[in-house]
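To start, the structure itself, in structure tokens.
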Amino acid sequence: NMVAPRGERIVVPSRVINGGFDVKFEEDPYDIKLHGLMTTTQYSDAITRLNDMLKPSRSKKFDTVLLATGVLMVPLALWGVRHGMLTKKRKRLLKQYIQEFNGQNP
């Protein structure tokens with residue numbers, strides 16, 4: 001088991017996807033300081049699992065259609081509700097994965 005100095009953290013970069021409404025975490029460990037907490041393979045596997053877990057919370061084509069037809073106001077209101085729900089879902093899934101990850105990697 002790898003041990004790093006107390007307080008060391010891995011900063012996981014992300015990039016914007018789906019027209020700026022969602023983020024995807026960078027799976028490639030190149031130029032990421034792992035501080036000896038995990039191997040590059042473990043990092044890639046963990047971030048791939050995280051991105052897969054977050055897929056259900058990402059915007060769909062339907063959300064794009066609602067936003068594009070926003071001049072009619074009703075679709076824009078529906079988009080706002082859906083966007084809020086997806087944001088809450090993403091936050092819940094992210095917290096769940098963080099707990100699972102920290103449990104597996106004390």
If hydrophobic clusters are built from ILVMFWY residues whose side chains come within less than 4.5 Å, do I17 and I47 share one? no
Would I98 and V12 show up in the same hydrophobic cluster when neighbours are defined by side-chain heavy atoms closer than 4.5 Å? yes
Can you tell me how far apart [atom1] ([X]) and [atom2] ([Y]) are? Round to the nearest 0.5 Å.
X: R49; Y: Q104; atom1: CZ; atom2: CD; answer: 6.0 Å
X: I10; Y: L34; atom1: CD1; atom2: CG; answer: 5.0 Å
X: L54; Y: L86; atom1: CG; atom2: CG; answer: 11.5 Å
X: L94; Y: K89; atom1: CG; atom2: NZ; answer: 14.0 Å
X: D45; Y: T41; atom1: CG; atom2: OG1; answer: 6.5 Å
X: E27; Y: T48; atom1: CD; atom2: OG1; answer: 3.5 Å

Applying salt bridge (charged side-chain N to carboxylate O under 4.0 Å, His left out), can you list everything that pairs with R15, at least two apart in sequence or on another chain?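 Salt bridge (charged side-chain N to carboxylate O under 4.0 Å, His left out) list for R15, sorted by chain: E26.
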side-chain contact (heavy atoms from CB on, under 4.5 Å) evaluation trace for L93 with R90: CA-CA 5 Å; L93 290 171; R90 179 174 38 255; 5.9 Å; no
Worked verdict on R9 versus H35 for side-chain contact (heavy atoms from CB on, under 4.5 Å): CA-CA 7 Å; R9 296 175 189 255; H35 305 291; 5.8 Å; no
Are K55 and D52 ion-paired here, with the side-chain N under 4.0 Å from a carboxylate O?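 D52 and K55: salt-bridged.
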May I ask you to say whether D63 pairs ionically with R82, meaning some side-chain N is under 4.0 Å from a carboxylate O?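 A salt bridge links D63 with R82.
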Heavy-atom check, side chain of M38 versus side chain of F101, under 4.5 Å: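 Heavy-atom side-chain distance check passes, below 4.5 Å.
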Run the numbers on R58 and K24 for side-chain contact (heavy atoms from CB on, under 4.5 Å), then give the verdict. CA-CA 10 Å; R58 293 198 179 120; K24 188 170 187 177; 3.9 Å; yes
Quick one: are the ring centres of F21 and W79 less than 6.0 Å apart?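 Yes: the rings meet the under 6.0 Å criterion.
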More than 12 heavy atoms of other residues, nucleotides or ligands under 6.0 Å from NZ of K60: is that the case? yes
side-chain contact (heavy atoms from CB on, under 4.5 Å) assessment of Y30 paired with T40: CA-CA 8 Å; Y30 178 75; T40 56; over 6 Å; no
Does N51 reach the main-chain N or O of F25 with its side chain, forming a donor-acceptor pair under 3.5 Å?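 Between the backbone of F25 and the side chain of N51 there is a qualifying donor-acceptor contact (under 3.5 Å).
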